[in-house]
Amino acid sequence: MTMASSKKKLEGLVAATITPMTENGEINFSVIGQYVDYLVEEQGVKSIFVNGTTGEGLSLSISERRQVAEEWVTKGRNKLDQVVIHVGALSLKESQELAKHAAEIGADGIAVIAPFFLKPWNKDVLINFLKEVAAAAPALPFYYYHIPALTGIKIRAEELLDGIQDKIPTFQGLKFSDTDLLDFGQCVDQNQQRQFAFLFGVDEQLLSALVMGATGAVGSTYNYLGKKANQMLEAFEQKDFSSALNYQFCIQRFINFVVKLGFGVSQTKAIMTLVSGIPMGPPRLPLQKASREFTDNAEAKLKSLDFLPFTGLKDRNLEACS
Ligand SMILES: CC(=O)N[C@@H]([C@@H](O)[C@H](O)[C@H](O)CO)[C@@H](O)CC(=O)C(=O)O
C-alpha cells in the first residue's frame, strides 16, 4: 500500500461524472467504458470525480454507489490519471463503508461533503465527522467537498483547513464549489507551505480561481466542454490572459444561457447525451428529465458557439470563439 502523501497531486480538469441510467431508472453500466474513452480522447480530461452532485451520488443506494465506483475504476485503469470517489453520506457508517470500499478497489482518493440533515454546527464537529470517515481509508488522499449552497453547511473552508492535517493526516485538498473567492483565496494563501490541491468547482468562474491559486477544477461542464476549458488552462499557463479570458467568456456564454433556462443535473445529462452521443438517460427522482424545449435550445446554442459540429453556413456561427 502506498502512503497517501506519496500520491501524485490531483491537478488539471476533473470531470464530475454523470451516472448513466436506462430509461427505466437503472444504472447503465454498459456505457461507462465508452464514457472514459470519450473524456480522454475527445475532451482531454484525465481525472474524474465519481458519485458527486452530478453523479447523483446521494440519490443512489450504497450498493449502487459501490458498483458505480468499481466500474469507473475498472474502466479507467491505465487510461485515467486519477479516480476520486465521493463517499459522503448522512450516516457515518455508510460513509466509512464507502471509504473502505474505495480503498479496496484501488481508487486514488476520497471526498466527503458535510452531512446535511442532522448538521454539524461548528468546525470541530464537522472535522470529527470527516476524521472518522478518513480513518476508514487511511492510505487514501482525502478531500473535503465544500458545497454550502447544497448542504446548507456554511462553515468557511478557510476555517476548516486551519490545522486540519493534525486531525486528518491524509487530508490532501479541497473541492470548493462556491463563489466566495475571499474564502477560496484565503484557503490558498494560508496553506502555501502545504502541498494541498485546491480544486475549484464553479466552472463559469474558473479563471478567477486560477488567479487565486486554484491547482485544478472539478465540474460538470468538463464532461462536454473539457476541450475549451483545457484551452483556457493552457492560455493561462502561457500567461496569455486575453486568450484565457476569451475562452472563459465563451464558456460563460453557454452557461449563462442554460442557467436562464433552468440548469442542473438533469440538464447536464441531456447536454452530455447530445454532445457525446452516449446515452446518459433520465435522472432519478426527485429530479426530473430535462424538457425537449430545453434540449432544443441548448443544442442551438452549442451550435452557434461552435461547441457542436454545425452543418449550416459557417458565417452563422457569430458567437463562436477561436
Ligand atoms: C452545483 C453544481 O452542480 N456545481 C457543479 C458545477 O460544475 C456546475 O454545474 C457548473 O459550474 C455550472 O454552474 C460542480 O461543482 C458539482 C460537482 O463538481 C459534482 O458533481 O460533484
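One-based numbering, in listed order, for ligands and for the atoms of each.
- For Phe49 and Tyr145, the ring centers are positioned less than 6.0 Å apart.
- Atom 1 (C) of ligand 1 has its closest protein heavy atom at Ile147 CD1, 4.0 Å.
- Separation of the Phe171 and Phe196 ring centroids falls under the 6.0 Å cut-off.
- Every atom of ligand 1 with a heavy atom of Ser177 under 4.0 Å away is listed here by number and element: 15 (O).
- Glu158 has a carboxylate O that lies under 4.0 Å from a charged side-chain N of Arg156, or vice versa, which qualifies the two as a salt bridge.
- Residue contacts with ligand 1: Lys175 is included, with a non-hydrogen atom under 4.0 Å away.
- Side-chain contact check for Ile168 versus Tyr144: every heavy-atom pair is 4.5 Å or farther apart.
- Near Asp203, meaning under 4.0 Å from one of its heavy atoms, ligand 1 places the atoms 6 (C), 7 (O), 10 (C), 11 (O).
- Of all the atoms in ligand 1, the ones that sit under 4.0 Å from a non-hydrogen atom of Thr54 are 19 (C), 20 (O).
- With hydrogens left out, the protein atom closest to atom 8 (C) of ligand 1 is Ser220 OG, 3.8 Å, a heavy atom.
- Shown in contact with Gly52 at under 4.0 Å from a heavy atom are these atoms of ligand 1, numbered in order with element: 21 (O).
- Using a 4.5 Å heavy-atom threshold, the side chains of Phe257 and Leu261 count as touching.
- Thr53 CG2, 3.8 Å is the protein heavy atom nearest to atom 3 (O) of ligand 1.
- Scanning the protein for heavy atoms near atom 15 (O) of ligand 1, the closest one is Gly201 O, 2.7 Å.
- Electrostatic pairing of Lys100 and Glu104 counts as a salt bridge here, judged by a charged N lying under 4.0 Å from a carboxylate O.
- The pair Glu299-Lys303 counts as a salt bridge, with a side-chain nitrogen and a carboxylate oxygen less than 4.0 angstrom apart.
- Residue Ile105 holds its CD1 atom at 11.0 Å from CD of Gln67, rounded to the nearest 0.5 Å.
- Seen from the ring of Phe307, Lys228 does not count as a face-on cation partner, given the 6.0 Å and 45° thresholds.
- Atoms of ligand 1 lying under 4.0 Å from any heavy atom of Ala16, numbered from 1 in the order shown and given with element: 17 (C), 18 (O), 19 (C), 20 (O).
- The ligand atoms of ligand 1 that sit less than 4.0 angstrom from a heavy atom of Val202 are 11 (O).
- From the protein, the heavy atom lying nearest to atom 21 (O) of ligand 1 is Tyr145 OH, 2.7 Å.
- Taking the side chain as every heavy atom from C-beta outward, Gln248 and Leu206 approach each other to under 4.5 Å.
- Heavy-atom contacts of Val218 reach the following atoms of ligand 1: 18 (O) (cutoff under 4.0 Å).
- Which parts of ligand 1 touch Phe49 is read off a 4.0 Å heavy-atom cut-off, strictly below it: atoms 21 (O).
- Shortest contact from atom 11 (O) of ligand 1 to any protein heavy atom: Glu204 OE1, 2.6 Å.
- At least one heavy atom of Phe263 sits less than 4.0 Å from an atom of ligand 1.
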